[in-house]
2 protein chains.
Amino acid sequence: MQDELMTIREMCDAFDVTPRTLRFYESRELIFPERRGQRRLYDRRDRARLTLILRGKRFGFSLEQIRQLLEFYEPGGDNLHQIVATLNIGRDRLGDMERQYAELGEAIQDLKAQIVEAEARIAAMTRDTHED
Amino acid sequence: MQDELMTIREMCDAFDVTPRTLRFYESRELIFPERRGQRRLYDRRDRARLTLILRGKRFGFSLEQIRQLLEFYEPGGDNLHQIVATLNIGRDRLGDMERQYAELGEAIQDLKAQIVEAEARIAAMTRDTHED
DNA sequence: CGTCTTCCTTACGTTCGCGTCAACTTGTGC
DNA sequence: GCACAAGTTGACGCGAACGTAAGGAAGACG
């Protein structure tokens, strides 16, 4: 059961990133591809993690924040203290994301209002032009 | 009508940024405070722009993207072509933000599910411990 | 066997967003 | 008048997130 292993190039093509980026994420302990000799091989789990990494980046999270989130998505520690700790990290991140979600909603409303206004200005200008 | 002018220090205290940050934003043409002699003085408009800047940063936008957004929030050009151009920039950003909003919503749901799962694991562990 | 391609490591370079001095001007109180 | 606080302009520094070039290993192919 090879679990759909992919080479670094296949990963780059699939996710639109460079090899350098994948190696960099690995150096920061965000992904842990297998090694067949020297070569890296990425499985389903690595792809899932990379998806979350790129998503997190789009939200403006740092790689370190994302690393903590990933840690949360994978069981990790086996003792209660560890699990509670990562749970709290998850809750913190959730709080961040919910705040950001709410704020983004407002920003979208503001921007929409501005767009409507701009459209009105354009309508007025073209109307004036045609009535000239 | 002084329009509530504030010094750089008052701005820093109000927005929790450093003077360096405000001067840096100015160098990147994000804000344009008046000058009384050498000293900078910030009015209501500058504060509104700074609010949008800090908000944009929280969303992970670059200062350049934010600059374009700000350009959109202020009339700017007086000819039709200019206005249409900035309108399109605004629409692009709106699209970005709406995509991000939707994705963030999903991410929040995912994370919530993970948290519930982690809570269940903790409940099971403590129950086992107490039943020992 | 040599060559080609793909990957590897090492390491220095780059951009963004400021932090951190250093040295100078400018009101402000005493 | 003179110290002092607040502000100013360079200029260099720094961490994050990669880009990029140099040199080497390793399997595939004719």
Calculate the interatomic distance between [X] atom [atom1] and [N] atom [atom2]; express it in whole Å.
{"X": "A/Ile31", "N": "D/dC18", "atom1": "CD1", "atom2": "P", "value": "11 Å"}
{"X": "A/Gln65", "N": "D/dA16", "atom1": "CD", "atom2": "P", "value": "12 Å"}
{"X": "A/Asp13", "N": "C/dT6", "atom1": "CG", "atom2": "P", "value": "11 Å"}
{"X": "B/Glu26", "N": "D/dG7", "atom1": "CD", "atom2": "C1'", "value": "13 Å"}
{"X": "A/Glu29", "N": "D/dA17", "atom1": "CD", "atom2": "C1'", "value": "16 Å"}
{"X": "B/Met11", "N": "D/dG7", "atom1": "CE", "atom2": "P", "value": "13 Å"}

> Can you pull the side chain to side chain donor-acceptor pair (under 3.5 Å) pairs that have at least one residue in residues 109-118 of chain A, sequence neighbours excluded?
Replying inline: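 Every side chain to side chain donor-acceptor pair (under 3.5 Å) pair that includes a residue of residues 109-118 of chain A, provided the two are not neighbours, is A/Asp110-B/Arg55.
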>> Test your reading of the model: is there a side-chain donor-acceptor pair from A/Gln65 to the backbone of A/Ser62, 3.5 Å cut-off?
In response: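 Yes, because the side chain of A/Gln65 sits within donor-acceptor range (under 3.5 Å) of the backbone of A/Ser62.
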>> For B/Glu29, give me all partners under salt bridge (Lys or Arg N to Asp or Glu O under 4.0 Å), at least two apart in sequence or on another chain.
In response: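 Here no residue qualifies.
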> Can you give one letter per nucleotide of nucleotides 8-22 of chain C, 5' to 3': B if a protein heavy atom sits under 4.0 Å from the base, S if only from the sugar-phosphate, - if neither?
Replying inline: SB-B-----BBBB--
> Does B/Thr7 put a side-chain nitrogen or oxygen below 4.0 Å from OP1 or OP2 of D/dA6?
Replying inline: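 For B/Thr7, the contact criterion (side-chain N or O under 4.0 Å from OP1 or OP2 of D/dA6) is not met.
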Can you give each donor-acceptor pair under 3.5 Å made by side-chain atoms of residues 9-16 of chain A, sequence neighbours left out, with the distance rounded to 0.1 Å?
{"from": "A/Arg9", "atom 1": "NH1", "to": "A/Asp13", "atom 2": "OD1", "distance (Å)": "3.3"}
{"from": "A/Glu10", "atom 1": "OE1", "to": "A/Thr7", "atom 2": "N", "distance (Å)": "2.9"}

>> Once ring-ring contact (aromatic ring centres under 6.0 Å, His included) is applied, what residue pairs with a partner in residues 78-115 of chain B remain, sequence neighbours excluded?
In response: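 Counting only pairs at least two positions apart or across chains, the ring-ring contact (aromatic ring centres under 6.0 Å, His included) contacts touching residues 78-115 of chain B are A/Tyr101-B/Tyr101.
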Which atom pairs, one a donor and one an acceptor, fall under 3.5 Å between side chains of residues 44-51 of chain A and the rest of the protein, sequence neighbours left out?
{"from": "A/Arg45", "atom 1": "NE", "to": "A/Glu74", "atom 2": "OE1", "distance (Å)": "3.2"}
{"from": "A/Asp46", "atom 1": "OD2", "to": "A/Asp43", "atom 2": "N", "distance (Å)": "3.0"}
{"from": "A/Arg47", "atom 1": "NH1", "to": "A/Glu4", "atom 2": "O", "distance (Å)": "2.9"}
{"from": "A/Arg47", "atom 1": "NH1", "to": "A/Tyr42", "atom 2": "O", "distance (Å)": "3.3"}
{"from": "A/Arg47", "atom 1": "NH2", "to": "A/Glu4", "atom 2": "O", "distance (Å)": "3.2"}
{"from": "A/Arg49", "atom 1": "NE", "to": "A/Leu30", "atom 2": "O", "distance (Å)": "2.9"}
{"from": "A/Arg49", "atom 1": "NH1", "to": "A/Glu74", "atom 2": "OE2", "distance (Å)": "3.3"}
{"from": "A/Arg49", "atom 1": "NH2", "to": "A/Leu30", "atom 2": "O", "distance (Å)": "3.3"}
{"from": "A/Thr51", "atom 1": "OG1", "to": "A/Arg47", "atom 2": "O", "distance (Å)": "2.9"}

